[in-house]
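Just so we're clear, the structure is a prediction, and the values are computed from it rather than from any experiment. Throughout, a chain's letter reflects where its sequence line sits, starting with A, and its residues are numbered from 1.
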Protein chains: 2
Amino acid sequence: MPARPVDPLGDDYAYVQVADDLERRIGAGEFAEKLPSERALAEEYGCAYTTIRQGMKLLRERGLIVTRQGRGTYVRKQR
Amino acid sequence: MPARPVDPLGDDYAYVQVADDLERRIGAGEFAEKLPSERALAEEYGCAYTTIRQGMKLLRERGLIVTRQGRGTYVRKQR
DNA sequence: GGCGATTTGTACGTATGTATT
DNA sequence: CAATACATACGTACAAATCGC
């Protein structure tokens with residue numbers, strides 16, 4: 001279940017595409033608990049580190065993940 | 001009532017300093033209704049445009065301002 | 001309606017700081 | 001102490017919305 005790389009011509013902004021695709025992958029159970037590092041995701045999605053961070057912020061606001069400095073980003077147990 | 005430029009050695013992060021100082025100036029009634037442009041504020045505060053944007057975001061979350069693309073940023077009528 | 005000027009929005013790449021392992 | 005990972009900050013470029021002429 002690989003990442004769907006960001007489409008620069010897509011209707012949505014890159015960071016929204018990232019957030020939506022990560023949400024899809026999380027929903028599919030791809031990340032049991034911990035997500036790859038932000039830099040690794042940037043490579044996977046073919047976009048900038050800062051764009052990944054914008055997407056992650058969206059997911060935090062959606063309540064899907066929790067991020068801790070120096071540790072990583074984790075899938076939030078349901079709710 | 002000039003801006004208090006960002007202090008790189010301050011306890012708070014630059015973007016928090018910006019937000020706090022703008023809140024102070026808003027409270028003092030310096031901006032009747034419209035704030036200077038983000039780029040102008042960046043010059044005033046001696047920091048990057050993107051840092052101003054982070055501070056503005058904080059102020060939006062605090063409910064103090066409203067921002068509209070192409071128009072500008074406005075002081076929110078109390079509530 | 002067009003055009004340019006202004007202003008906010010998104011995106012990039014990089015550097016450095018801070019926390020955890 | 002070193003490696004890893006997130007956080008902040010910078011500067012730049014271009015896109016998109018708005019406004020005035």
Worksheet entry | Arg39(B) vs Gln69(A), nearer the 5' end of DNA chain C by closest nucleotide |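 Of the two residues, Arg39(B) wins.
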Item to complete: Using heavy atoms to find the nearest nucleotide of DNA chain C for Ala48(A) and Glu38(B) separately, return the residue whose nucleotide is more 5′.
Response: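 This one resolves to Glu38(B).
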Item to complete: State whether the number of non-hydrogen atoms from other residues, nucleotides or ligands found under 6.0 Å of Glu43(B) atom CD is greater than 12.
Response: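 Atom CD in Glu43(B) is not packed in, count stays at 12 or less.
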From [atom1] of [X] over to [atom2] of [N], roughly how many Å is that when rounded to an integer?
X        : N       : atom1 : atom2 : result
Lys57(B) : dA9(D)  : NZ    : C1'   : 16 Å
Met56(B) : dT7(C)  : CE    : C1'   : 10 Å
Arg60(A) : dA7(D)  : CZ    : P     : 6 Å
Leu41(B) : dT6(C)  : CG    : C1'   : 14 Å
Tyr49(A) : dT4(D)  : OH    : P     : 15 Å
Leu58(A) : dA11(C) : CG    : P     : 11 Å
Ile52(A) : dG13(C) : CD1   : P     : 11 Å
Gln54(B) : dG9(C)  : CD    : P     : 14 Å

Heavy atoms only, 4.0 Å cut-off, all strands: where does [X] land among base, sugar-phosphate and nothing?
X        : result
Thr50(A) : base
Tyr15(B) : sugar-phosphate
Arg68(A) : sugar-phosphate

Counting heavy atoms from C-beta on, name the nucleotide in [options] closest to the side chain of [X].
X        : options                   : answer
Ser37(B) : dA11(C), dC10(D), dT7(C)  : dT7(C)
Thr51(B) : dC10(D), dT10(C), dA16(D) : dC10(D)
Tyr13(B) : dA19(C), dA11(C), dA9(D)  : dA9(D)
Arg53(B) : dT8(C), dA11(C), dA19(C)  : dT8(C)

Worksheet item: 5'-most contact on DNA chain D: Cys47(B) or Pro36(A), nearest heavy atom basis?
Response: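 Counting from the 5' end, the first nearest nucleotide belongs to Pro36(A).
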Discussion item. Side-chain heavy atoms nearer than 4.5 Å, only ILVMFWY residues, links allowed to pass through others: does that put Tyr15(A) and Tyr49(A) together?
Written reply: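 No, Tyr15(A) does not connect to Tyr49(A) through the hydrophobic network.
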Worksheet entry | Exercise: identify the closest heavy-atom pair between Leu59(B) and Ala19(B) |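 Heavy atoms only, the tightest pair is CD2-O, 3.5 Å.
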Practice prompt. For Gln17(B) and Asp7(B), indicate whether the former's side chain and the latter's backbone hold a donor-acceptor pair under 3.5 Å.
Written response: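 It does hold such a pair.
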Fill in: Any donor-acceptor pair under 3.5 Å from Asp21(B) side chain to Arg4(B) backbone
yes
